[in-house]
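Below: one structure, written as structure tokens.
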Amino acid sequence: MTQAPALRVPLRDAERVRRALLDEGALRHDLKVRRESGELLLPLLDGAPRMGYPVAVAEFEPADDSPRHYSDLLAHLPEAERALLPSAFDVVGHVLIVKVPDALRHREREIAQALLEATPRVRTVAQDEGVAGELRVRALRVLAGDADTRTEHAEHGVRIRVDPATCYFSPRLATERIRVARLVSPGERVVDLMAGVAPFALVIAKHSQAARVDAVDLNPEAVAFARENVALNKVADRVFPEQADARAWSAAHPGVADRVITNLPHTAHAFLEDALRVLRPGGGAWHYHCIQAEEDLGRHLAELSARAHEAGRGLRVSATRVVRAYSPRERHFAVDFEVGAPAEDEG
Ligand SMILES: C[S@@+](CC[C@H](N)C(=O)[O-])C[C@H]1O[C@@H](n2cnc3c(N)ncnc32)[C@H](O)[C@@H]1O
């Protein structure tokens, strides 16, 4: 038996939560899930989302039909090195993205080879050298397998082609994307001002009756993939990718949207006026992303509210969700605002 942190989920919610964790690559495959007094115990990888359920350490049997955990293939490493092995990684299509710590740099090819052998469907293992710049592109260095990082990822029944070495894409936002899609009412026009390869737009088009989704992004590579994805998922009549700066697009399309998404967590606050301008004069919904320490979030949102007031709009928080841990102190938050007409302004 192995001890591991587990999400305890009532059986009625278990399948939905298990699928969401699988989509996020957050479930341990090397351990068997098990039932205990009306709950399913789901063994978690580090950094897995809690999704509102309690976490407790539990005992698990190894999953006999699953491949071995990659660390089993590295049993020969000294214990001090094994203790530093990464416990979490992302899988985008056939590309596994991992951060091997500097202290294990001399072992990185060996570690990558073990990940390649132990992880189903993975053909490339790449070192994550960090996300940088305005376009939020992740620098990748292929450590093992196929050098081609162009791939196709499946999420909520949508096919997403992407090259994670030239465009931003994170499978960890899968739960956030379906959550937003389920909020969309029939006939809505949705605008994603920082759409990347259009995963929000595609999931919304597939899982709602939105009339139209505009997917705007500055990165030409991302927009080329977005166009390919629109054709692949047969949603060309409803999803419209465009290569543009969010500010310029917003200035050219005031008052068109029922719902706007700004998923650029480090700087989305700088696009407040642009997001509000895109919404209909009567208001709408704004899905805002930010990276903040929990204790600073209230003050940050109050500042946004004051700026919205100056722009003649009222903001009301209708939901706040932790998307993922960003650093020991900070979290990536998704905040839903109801944006009111000037007359409804709360001040
Ligand atoms: C964190 S990524 C999010 C992408 C997408 N929403 C997703 O979930 O995969 C932020 C995106 O904003 C784009 N971006 C950055 N500055 C921009 C701007 N001024 N106007 C439009 N897009 C911008 C980047 O190219 C990048 O694709």
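Any value given below was found using the heavy atoms of this structure, including those in side chains, with hydrogens, waters and symmetry copies removed. Small disclaimer: the values here were computed from a predicted structure and weren't measured.
- Residues Leu301 and Leu315 fall within the same hydrophobic cluster, defined by Ile, Leu, Val, Met, Phe, Trp and Tyr side chains chained together at heavy-atom separations under 4.5 Å.
- A salt bridge does not link Arg307 with Glu303: every distance from a Lys NZ or Arg NE/NH1/NH2 to an Asp or Glu carboxylate oxygen is 4.0 Å or more.
- The two residues Ala211 and Gly187 have their closest heavy-atom pair at CB-O, 3.4 Å.
- The side-chain tip of Arg161 does not point at the ring of Phe225 from less than 6.0 angstrom away and within 45° of straight on.
- Within the 4.5 Å cutoff, the side chain of Pro5 has no heavy atoms near those of the Pro43 side chain.
- There is a side-chain donor-acceptor pair under 3.5 Å between Glu110 and His76.
- Although no hydrogens or angles enter the test, the distance criterion places no donor-acceptor pair under 3.5 Å between the side chain of His207 and the main chain of Val180.
- For the atom pair Thr175 OG1 and Arg16 CZ, the distance stands at 9.5 Å (nearest 0.5 Å).
- You'll find the side chain of Leu44 stays beyond 4.5 Å of the side chain of Arg28, heavy atoms only.
- Taking every heavy atom of both residues into account, Ala226 and Gly196 meet most closely at CB-O, 4.0 Å.
- For Asp128 (side chain) and Ile97 (main-chain N/O), no donor-acceptor pair under 3.5 Å exists by modelled atom type.
- In this structure a side-chain-to-backbone donor-acceptor pair under 3.5 Å is present from Ser250 to Asp274.
- Taking the charged nitrogens against the carboxylate oxygens, Asp148 and Arg150 have no contact shorter than 4.0 Å, which rules out a salt bridge.
- Between the side chains of Tyr288 and Asn263, not a single donor N or O lies within less than 3.5 Å of an accepting N or O.
- Under the 4.5 Å side-chain heavy-atom criterion for ILVMFWY residues, no single connected hydrophobic cluster contains both Leu7 and Val323.
- Counting all heavy atoms, side chain and backbone alike, Ser208 lies closest to Ala181 at CB-O, 3.7 Å.
- Of the N and O atoms on the side chains of His106 and Glu81, at least one donor lies less than 3.5 Å from an acceptor on the other residue.
- Heavy-atom minimum distance, Asp217 versus Ala195: OD2-N, 3.4 Å.
- Here the shortest heavy-atom pairing between Ala275 and Thr262 reads CB-CG2, 4.0 Å.
- Residues Thr166 and Glu221 come closest through the heavy atom pair OG1-OE1, 3.7 Å.
- A heavy-atom distance below 4.5 Å is not found between the side chains of Val317 and Glu338.
- Taking 4.5 Å as the limit, some side-chain heavy atom of Leu173 sits within range of a side-chain heavy atom of His332.
- Proximity of the aromatic rings of His266 and Tyr326 is defined here by a centroid distance below 6.0 angstrom, and this criterion is met.
- Ion pairing between Glu129 and Arg105 fails under the 4.0 Å rule for side-chain N and carboxylate O.
- Not less than 6.0 angstrom separates the ring centroid of His289 from the ring centroid of Phe333.
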- Between Lys206 and Arg238, does a side chain to side chain contact (heavy atoms under 4.5 Å, CB included) hold up when you go through it step by step? CA-CA 10 Å; Lys206 187 90 176 177; Arg238 291 193 298 142; over 6 Å; no

- May I have the step-by-step check of side chain to side chain contact (heavy atoms under 4.5 Å, CB included) for His287 and Leu183, ending in yes or no? CA-CA 11 Å; His287 300 286; Leu183 295 172; 3.8 Å; yes

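- Under a 4.0 Å N-O distance rule, the pair Asp296/Arg329 qualifies as a salt bridge.
- How far CZ of Arg177 is from CD1 of Ile261: 10.0 Å, rounded to the nearest 0.5 Å.
- At most 12 non-hydrogen atoms from other residues, nucleotides or ligands lie less than 6.0 angstrom from CD of Gln209.
- Residues Tyr168 and Leu202 fall into different hydrophobic clusters, defined by Ile, Leu, Val, Met, Phe, Trp and Tyr side chains chained together at heavy-atom separations under 4.5 Å.
- Applying the side chain to side chain donor-acceptor pair (under 3.5 Å) rule to Glu36 yields the partners Arg8, Arg34; only residues at least two apart in sequence or on another chain are considered.
- The backbone N or O of Val197 sits less than 3.5 Å from a side-chain atom of Asn229, completing a donor-acceptor pair.
- Between Cys167 and Val137 the shortest side-chain heavy-atom distance does not fall below 4.5 Å.
- At least one donor-acceptor pair closer than 3.5 Å links the side chain of Thr151 to the backbone N or O of His94.
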- Carefully, step by step, assess Arg82 and Ser71 under the rule side chain to side chain contact (heavy atoms under 4.5 Å, CB included). CA-CA 8 Å; Arg82 278 173 56 83; Ser71 61; 4.3 Å; yes

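- Note on Leu40 and Tyr53: same hydrophobic cluster, where clusters join Ile, Leu, Val, Met, Phe, Trp and Tyr whose side-chain heavy atoms are under 4.5 Å apart, directly or indirectly.
- Tyr70 shares a hydrophobic cluster with Leu74, Leu77, Leu84, Leu85, Phe89, Val91, Leu96, Val98, Val100, Leu104, Ile111, Leu115, Leu116, Val122, Val125, Leu143; the chain of contacts runs through ILVMFWY side chains whose heavy atoms sit under 4.5 Å apart.
- Here Arg280 contributes atom CZ and Glu188 contributes atom CD; the two are 9.0 Å apart, rounded to the nearest 0.5 Å.
- Counting only heavy atoms from C-beta outward, the side chains of Leu140 and Pro164 approach each other to under 4.5 Å.
- Judged by a 6.0 Å distance limit and a 45° cone about the ring axis, Arg247 is positioned over the six-membered ring of Phe271.
- Counted within 6.0 Å of CG on Asp102, heavy atoms from surrounding residues, nucleotides or ligands total 12 or fewer; the atom is thus considered open.
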- Would Ile291 and Arg331 satisfy side chain to side chain contact (heavy atoms under 4.5 Å, CB included), going step by step from the backbone distance to the final call? CA-CA 6 Å; Ile291 308 250; Arg331 305 277 173 268; over 6 Å; no

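- Glu228 contributes atom CD, which lies 10.0 Å from atom CZ of Arg159 (distance to the nearest 0.5 angstrom).
- Counting heavy atoms from C-beta on, the side chains of Glu134 and Leu218 come closer than 4.5 Å.
- Test Arg182, Arg259, Arg179, Arg316 against Asp336 for salt bridge (charged side-chain N to carboxylate O under 4.0 Å, His left out) and you get one pass: Arg179.
- Expressed to the nearest 0.5 Å, how far CD of Gln292 lies from CG of Leu297 amounts to 6.5 Å.
- Panel note: side chain Asp30, backbone His69; no donor-acceptor pair is recorded below 3.5 Å.
- Judged by a 6.0 Å distance limit and a 45° cone about the ring axis, Arg212 is positioned over the six-membered ring of Phe240.
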- Stepwise salt bridge (charged side-chain N to carboxylate O under 4.0 Å, His left out) check, Glu15 with Arg19: CA-CA 6 Å; Glu15 187 49 25; Arg19 281 183 180 280; 3.1 Å; yes

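- Within the 4.5 Å cutoff, the side chain of Met51 has heavy atoms near those of the Leu21 side chain.
- Clustering ILVMFWY residues whenever any of their side-chain heavy atoms sit less than 4.5 angstrom apart, transitively, puts Val9 in the very cluster that holds Val55.
- Although no hydrogens or angles enter the test, the distance criterion places no donor-acceptor pair under 3.5 Å between the side chain of His309 and the main chain of Ser305.
- Put simply, CG on Leu31 and OG1 on Thr2 are 5.5 Å apart, with the number rounded to the nearest 0.5 Å.
- A side-chain contact (heavy atoms from CB on, under 4.5 Å) with Val184 holds for exactly one of Val190, Val213, Val203, Asp258; it is Val190.
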